[in-house]
Amino acid sequence: MTTTAHTTAQAPGAADIEDAGHVDVLIIGAGVSGIGAAHHLREKFPDRTFVILDAQDNRGGTWWTHRYPGVRSDSDLFTYGYRFKPWRGPAIAAGGEILAYLDEVIDDDDLSRHIRLRHRVTAASWTAEERRWTVEVTRGDTGQQLRFTAGFLWMCQGYYNHAEPYRPQWEGTDRFQGAIVHPQSWPDDLDLTGKRVVVIGSGATAATLIPAIARQAQHVTMVQRSPSYFYAPPATNELAVTLRALNIPDEWTHEILRRQYMAQTDLLARMAVQSPDELHAFLIESVRPLLPEGFDIDRHLTPRYRPWQQRIAIVPDGDLFAALREGTASIVTDTIESFTERGVKVSSGTEIPADVVVSATGFNLSVFGDVAFTVDGEPVDFTDRVTWRGIMINGLPNMAYVFGYFRHSWTLRVDLVADLVGRLLENMRDKGATMVVPALRPEEADMRRRPWADPENFNPGYVMRSQHILFGQGDREPWTHLLEHEQEREILPAADLDDGTLVYR
Ligand SMILES: Cc1cc2nc3c(=O)[nH]c(=O)nc-3n(C[C@H](O)[C@H](O)[C@H](O)COP(=O)(O)OP(=O)(O)OC[C@H]3O[C@@H](n4cnc5c(N)ncnc54)[C@H](O)[C@@H]3O)c2cc1C
């Protein structure tokens with residue numbers, strides 16, 4: 001057992017809530033972030049007790065939720081993998097390979113006894129007097145209500161609702177005779193052999209799903225309202241092949257390739273800001289030779305935004321474009337007007353026949369896993385709050401969260417945040433403090449508030465739809481959330497934890 005026995009004085013009417021014990025650190029989420037957080041915590045503080053709670057029935061977060069055909073990373077796994085665990089597979093990995101990698105980390109670190117699955121956290125209340133969080137949990141299998149207490153809360157819940165994908169409302173879905181499926185809840189028994197499939201969406205999900213199902217289906221039509229950027233690197237990294245052939249230790253290969261990919265991504269991120277037209281032209285021209293003759297690249301593959309204001313979809317070896325060339329897939333760029341009995345009708349009046357429609361339309365963003373937070377009895381309205389370095393929230397004591405990069409691999413930030421949280425916990429220990437809370441200094445009280453994401457910088461639909469429920473940023477460090485690894489890998493390790501923006505008690 002990782003929790004220590006603990007008796008909680010139960011509120012009247014709370015007799016059915018089981019006391020699940022006290023831990024030093026409670027991690028919410030058993031995805032890439034939660035597993036990484038637990039590794040670092042265990043390494044740095046072997047004596048601290050911790051537990052990882054996850055609402056799902058298995059570990060893996062995103063990679064457990066998304067098990068549609070062809071699901072894969074669009075980051076290289078040398079940087080998507082952790083700093084501490086060499087990646088031994090291909091640069092771009094299938095979802096199952098990523099789950100296997102996470103399982104190895106769980107085994108290496110003996111984490112499974114700390115992970116509690118089917119534990120949905122519904123509420124978290126901080127009491128300054130007791131210097132602890134009380135966390136309410138509902139078990140997904142039994143409906144049992146549990147209550148944990150914790151000295152520190154580490155939110156690793158990701159950014160979207162795993163149970164409820166974003167489903168735009170289209171007219172006529174009730175009369176459609178075929179099946180409508182969402183990649184977040186792909187039916188295990190869905191057989192697409194010989195079927196006509198429409199995939200609605202233009203992002204990474206559509207791009208990875210389509211080549212995988214085009215082999216089986218009669219035809220797959222991607223229906224998109226507007227195009228995304230694509231990049232088609234080789235699936236094999238030649239440097240990785242060379243280093244492995246030379247029997248270079250895996251740790252070295254991992255580090256060398258991490259640096260290679262970081263440098264490449266830094267360059268692309270810089271170009272996106274400094275010379276967006278050049279990057280735009282590069283991306284468009286790089287896919288042009290892979291397209292079928294006469295393909296209307298302006299209409300279907302030329303986005304209306306600057307590169308990297310949304311994620312660039314990676315198509316290893318151009319497999320999506322191969323499906324277009326082979327005629328097993330096609331793209332329609334138009335707005336869906338309605339569903340009909342036999343398919344979907346777009347604004348031009350064309351009806352696209354379909355037996356199955358896949359709604360690859362993205363996520364519903366969720367703020368801190370929809371956990372209801374209170375601090376000393378006051379409900380927390382996150383829209384009033386600002387971030388401290390994209391890691392803590394002003395006025396929320398003993399709580400850190402992980403939010404990875406969008407342009408670089410998410411996991412690069414998991415390691416950086418964990419280093420900073422480790423320093424923070426050390427700092428608390430050294431000061432004999434049991435509480436740390438970000439607080440605006442008097443001179444920052446009326447600083448300009450900015451939205452969580454600047455639409456000029458990053459503006460995918462799921463963020464823009466939900467900005468109004470998100471916390472914000474200030475106009476200066478440390479009240480900002482920087483999106484670039486190139487900056488943060490210098491700034492976060494050097495961040496001053498005694499600059500007066502963190503109050504220790
Ligand atoms: C198909 C797909 C491909 C992607 N590919 C890449 C890629 O190549 N590179 C990249 O950088 N990023 C990619 N991403 C983004 C991806 O989400 C992150 O890389 C990363 O997986 C997020 O990990 P996480 O652990 O922070 O969150 P998640 O993977 O979202 O896991 C969070 C976990 O927390 C649990 N949880 C949430 N709320 C609660 C609660 N209240 N109580 C209990 N448990 C809760 C959830 O059930 C979930 O299991 C991809 C996303 C998708 C959907």
Side-chain angles (χ1 to χ4, degrees), residues 31-33 35-36 60-66 68 70-102 105 156 158-160 183 203-209 211-212 228-240 253-272 279 283 286 307-320 362-363 402-418 458 460 462-463 483-486 488-489:
V32 168
S33 302
I35 293 168
T62 289
W63 304 105
W64 179 246
T65 303
H66 288 88
Y68 57 81
V71 62
R72 66 186 173 206
S73 68
D74 55 7
S75 298
D76 71 276
L77 258 290
F78 299 99
T79 58
Y80 193 78
Y82 303 107
R83 181 178 68 204
F84 56 84
K85 170 88 181 164
W87 174 253
R88 297 181 170 87
I92 301 289
E97 292 174 301
I98 300 174
L99 285 174
Y101 173 83
L102 292 175
V105 177
C156 297
Y159 58 96
Y160 62 90
T205 301
T208 51
L209 176 68
S228 303
Y229 284 103
F230 290 98
Y231 182 52
T236 309
N237 181 307
E238 290 303 333
L239 180 57
T253 301
H254 189 62
E255 184 57 29
I256 292 167
L257 286 154
R258 276 167 77 78
R259 291 187 193 195
Q260 184 193 41
Y261 279 109
M262 278 180 210
Q264 275 173 13
T265 319
D266 290 347
L267 177 68
L268 287 176
R270 255 182 271 136
M271 274 182 85
L279 181 56
L283 291 169
S286 70
W308 249 346
Q309 281 177 317
Q310 299 182 20
R311 277 181 85 101
I312 296 171
I314 300 295
V315 182
D317 284 341
D319 56 4
L320 172 67
F363 311 110
V402 176
F403 206 106
Y405 296 115
F406 283 110
R407 295 194 257 257
H408 293 73
S409 286
W410 180 275
T411 320
L412 287 170
R413 199 159 194 275
V414 174
D415 286 328
L416 282 180
V417 169
F458 188 68
Y462 56 91
V463 172
L483 290 171
E484 301 306 336
H485 182 246
E486 192 177 12
E488 280 208 323
R489 64 179 178 250

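Here the closest heavy-atom approach between residue Val414 and residue Gly36 is recorded as CG1-CA, 4.1 Å. In this structure, Gly60 and Leu99 approach most closely via the heavy-atom pair CA-CD2, 3.7 Å. For Thr208 against Gly70, the heavy-atom pair with the smallest separation is CB-O, 3.8 Å. A pairwise comparison of heavy atoms in Ala207 and Arg72 identifies O-NH2, 4.0 Å as the closest pair. Across all non-hydrogen atoms, the minimal contact from Ala235 to Asp317 is N-OD1, 2.9 Å.
Scored by the salt bridge (charged side-chain N to carboxylate O under 4.0 Å, His left out) test, Glu97 finds no partners at all (sequence neighbours excluded). Looking at residues two or more places apart in sequence or on another chain, you find a side chain to side chain contact (heavy atoms under 4.5 Å, CB included) between Leu416 and Tyr405, His485, Glu488, Arg489, Leu492, Pro493. For the salt bridge (charged side-chain N to carboxylate O under 4.0 Å, His left out) test, no residue two or more places apart in sequence or in another chain qualifies with Asp415.
Ring pair Trp63/Tyr101: centre-to-centre distance not below 6.0 Å. Within the 6.0 Å centre-distance limit, the rings of Phe403 and Trp410 are counted as a close aromatic pair.
Using a 4.5 Å heavy-atom threshold, the side chains of Thr253 and Pro86 count as separate. Residues Arg258 and Ser409 are not in side-chain contact: their nearest non-hydrogen atoms beyond the backbone lie 4.5 Å or more apart. The shortest distance between side-chain heavy atoms of Trp87 and Asp76 does not fall below 4.5 Å. Side-chain contact check for Thr62 versus Val32: every heavy-atom pair is 4.5 Å or farther apart.
Note that the CD1 atom of Ile92 and the OG atom of Ser75 stand 7.0 Å from one another [nearest 0.5 Å]. Atoms OG and CZ, on Ser33 and Arg413 in that order, are 10.0 Å from each other to the nearest 0.5 Å. In this structure, Leu412 CG and Glu484 CD are separated by 11.5 Å, a value rounded to the nearest 0.5 Å. We find the CG-CE distance between Leu283 and Met271 to be 8.0 Å, quoted to the nearest 0.5 Å. Annotation: the span from Ile314 atom CD1 to Ser73 atom OG amounts to 9.5 Å, rounded to 0.5 Å. One distance of note links CZ of Arg259 with CZ of Phe78; it measures 14.5 Å at 0.5 Å rounding.
Remark: side-chain polar atoms of Thr411 are not paired, donor with acceptor, to backbone N or O of Tyr82 under 3.5 angstrom. Looking only at distances, no side-chain donor or acceptor of His408 sits under 3.5 Å from a matching main-chain atom of Tyr261. The backbone N or O of Thr265 lies less than 3.5 Å from no partner atom in the side chain of Arg407, so there is not a single donor-acceptor pair.
Side-chain N/O atoms of Gln260 and Asn237 include a donor and acceptor closer than 3.5 Å.
More than 12 heavy atoms of other residues, nucleotides or ligands sit less than 6.0 Å from atom CZ of Arg270.
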